[in-house]
Amino acid sequence: MITFSQQQLKIPRLQRPVYLVTAGQSKFDRAFPDKRTEELCIDSFVMAAELLDISPAELKSYIHSCYYGHFADHFGDQLLGESVIHDRLGLDPLGNVGVKTGGATGGSTIWEGVKAVASGYSDCVLAMGWERMDEVPTDEGNFLISCAADKDWEAPLGHIYTGYYAVMAQRYWQIFGKSEESFRRTLAEIAVKHHGYARFNPFAQSPMDITVDDVLNSPVVAYPLRALDCCLMSVGAACTILCDEDTAVKLTRNSKNKPLRIWSAAGSHTLRPADRLDMEIPLLPNETPDQYKDLGERFPGGDRYPGFTGFLAARIATYYGYGMAGITDPTEDLDVVELHDAFTISDVQTYEDIGIRPYGEGRTYVESGDCYHTNPHTGEPGKLPSNLSGGLIGCMHAVGATGIMQTFEVATHLWDRWEELHGDENLWKKFDREKPKDWTNLQVKGAKRGLAISHAGVGSHVTSTILMDPDHLIKKDA
Amino acid sequence: MSMFGQVFVKNNQYKLKGDFHHLTPNMPIRNADDDWKLLGVTNPRAMTYIHSYGGEAIFFESLSKGKLLATRCDNAECGTTGSVYIPFRICCPDCLSKMSVIDLTDVAKKSATVHTFMECARSGAFNLLDKPIKFINIEFDGVSTILMSYLVVGTPRFGMRVVPIFKTTGPTYTILDLAWVEEGTTAEQLPEGFGF
């Protein structure tokens, strides 16, 4: 049984407010035979400068320290890749550090950058992430990813991460989905939604106009997960600039970007799901101790927590993050979210871990239409749209960049610049991608607050990054 | 003539014999759409890692002898004393004291049940198991954790009773030496090299 001390449950407090002022990203794709990694990183940095209407050189002059997310040295076959990128960006001799927390690397990189500004160490930092996953064939890529499982106890069993999620999918489907075909179709709807939203995102790798049946008929990877239930394997880069209030005001004086308040928090849990001990469910502010007393009766077998159906790390990351930012009910307090949909099943699991829905009821977030930009049942705006970028299933999973891409996406809504940055004809042409004739503006109207969840392994590391318009804070002293 | 790299330890030092890497030349990568201009090169590399099991070595050695070991915290001052762990952990996750090694073979034979499962149609490169791979996660009476392994006889389902089998002939000294079959499976049905 895991228990927490009062010291461990302390809500983190930043020593001063931290602002996100700009962000940028490269095109994402399965392979870039014609570009080196630093070219993609520079693409993202130049975009971040352009959104501030200043030159890259001027933006660099503000940066005091750098945080680089690059998960898999063995994929890119380059140790100390951070040093290569730092040099190519012309940022020597500033201090820099590499961050590696699997799929959560992008989010963890922002976490480190936020702490550096909050502490006063730096007034302005670069948080950048990238991944190079095209230097090996796909089956070797799956092998390399599986090296993030325990190499003695788990990796030899298939050398494929999808398998480690599939056992969770099986358990979740049978316990909380009650083995209903309708639940399996709900999972497929997530893939349809995310590949569909990717159609409106010029950066996205896998735009697809597909149906639930297409997902259900796609090849089995690890039953019950099929190819279209799975995230992409990608190459690309993303970055963001974080700073204190004075620097934020200076950097945005000529820009459409409004400085956004940012909080970031992290949680962790065992690398091996095998090691997860039974425990009481830690509660979020919108939950009560009584609501889970009969969980095992409503869902026989569902009373072992987190077991193979929940992610404790996501719950803890949001417990800290919500506490820092004053969020008491994510569905009411937030306007847009980007979640780590590594697989359709993990998307559903995360709805519950972060309090959008109670444990056992995640599927209703999809089935209600709340997660869509426009609710398909009512034609009205979705209550809390998720993954309008296309997520990891439709947009990309260039691991070190993923959590930063998600944060970029949330920021574009809060800046009210989503349409401008995703609908730009020149960008579609530059990326050699065809803008669909039915391209749709997915800007969440009036968005003031958003959340990005970055997640590693089968829940070994998770970060929550919260952005808010500073004129719409929930907690004034946050 | 090349031979696989082999290692033994003498005086607490690794002693190496055979080939640990193989030389293969780089090859150019050219662009068929642009006059076969150079875009990059292949970087072939085959390496053999030298990996120590450390304090878990006894677990992997015991599989080859038909035994399934676990560990138990026996520190009376620990808040979770008496907890049993498999995967085998060397130190208690709570008090960090070195745990006692216990034989879980009989408990496994009498109480192992499938907690969850999946069938994997694909695998990553270098994987040695035949496909489809039937992953199972196994509960045991009195054990705090849920072991991941694979089923070689039977169709997995929740709550299914399974028993361990061990590759005692030609062992690999990896976790693949442990597999599971549905209770009631006969010795004739087991894969080559495995026994109860």
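Below, chain A is the first sequence line, B the second, and so on; all start at residue 1. Owing to the predicted nature of the structure, the values given are computational and were not obtained by experimental measurement. Side-chain atoms are counted along with the backbone in the values below, which use heavy atoms only and exclude waters and symmetry mates.
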When you measure from the side chain of B:Thr81 to the backbone N and O of B:Asn75, does any donor-acceptor pair fall under 3.5 Å?
yes

For a quick test of reading the model, state the closest non-hydrogen atom pair linking B:Phe140 to B:Val107 and the distance between them.
CB-CG1, 4.3 Å

Go through the atoms of B:Ser149 and report whether side chain, backbone, both or neither lie under 4.5 Å from a heavy atom of chain A.
backbone

Does any backbone or side-chain atom of B:His115 lie under 4.5 Å from a heavy atom of chain A? Answer side chain, backbone, both or neither.
both

Classify the angle between the aromatic ring planes of A:Tyr172 and A:Phe176 as parallel (below 30°), tilted (30 to 60°) or perpendicular (above 60°).
tilted

Could you measure the distance from the CG atom of A:Leu157 to the NZ atom of B:Lys134? Nearest 0.5 Å is fine.
15.0 Å

Chain B interface, residue from A:Asn142, A:Asp77, A:Val220 that has the most non-hydrogen pairs under 4.5 Å
A:Asp77

Pairwise distance CG(A:Leu228) to CG(A:Leu216) - rounded to 0.5 angstrom
9.5 Å

With a 4.5 angstrom heavy-atom cut-off, is it the side chain or the backbone of B:Thr174 that approaches chain A, or both, or neither?
neither

Partner chain A: residue of B:Leu39, B:Ile86, B:Asn31, B:Ile133 with the largest heavy-atom pair count (under 4.5 Å):
B:Leu39

Compute both the distance and the angle, then confirm whether A:Arg272 meets the cation-pi test with A:Trp153: under 6.0 Å from the six-membered ring centre, within 45 degrees of the axis.
yes

Let's test your reading of the structure: which of A:Asp139, A:Val167, A:Ile160 forms the most heavy-atom pairs below 4.5 Å with chain B?
A:Val167

B:Ile90 vs B:Lys98, test: side chain to side chain contact (heavy atoms under 4.5 Å, CB included). Steps then yes/no.
CA-CA 6 Å; B:Ile90 300 161; B:Lys98 191 159 185 179; 4.2 Å; yes

Are the side chain of B:Trp180 and the backbone N or O of B:Ala112 linked by a donor-acceptor pair below 3.5 Å?
no

So which part of B:Tyr85 gets closer than 4.5 Å to some heavy atom of chain A, the side chain, the backbone, both or neither?
side chain

In terms of heavy-atom proximity below 4.5 Å to chain A, should B:Asn43 be classed as side chain, backbone, both, or neither?
side chain

Do you know which of B:Pro132, B:Cys120, B:Gly40 has the most heavy-atom pairs under 4.5 Å to chain A?
B:Cys120

Pick from A:Leu144, A:Asp152, A:Ile175 with the largest number of heavy-atom pairs that fall under 4.5 Å of chain B:
A:Asp152

Closest-packed option against chain B by number of heavy-atom pairs under 4.5 Å, given A:Ala169, A:Ala222, A:Gly158:
A:Gly158

Tell me, for B:Phe59 versus chain A, whether the close heavy atoms (under 4.5 Å) come from the side chain, the backbone, both or neither.
side chain

Does the Lys NZ or Arg CZ of A:Arg171 fall within the cation-pi geometry relative to B:Phe158 - under 6.0 Å from the ring centre and within 45° of the axis?
yes

Considering only heavy atoms and a distance below 4.5 Å, find which of A:Pro273, A:Pro156, A:Ala166 pairs most often with chain B.
A:Pro156

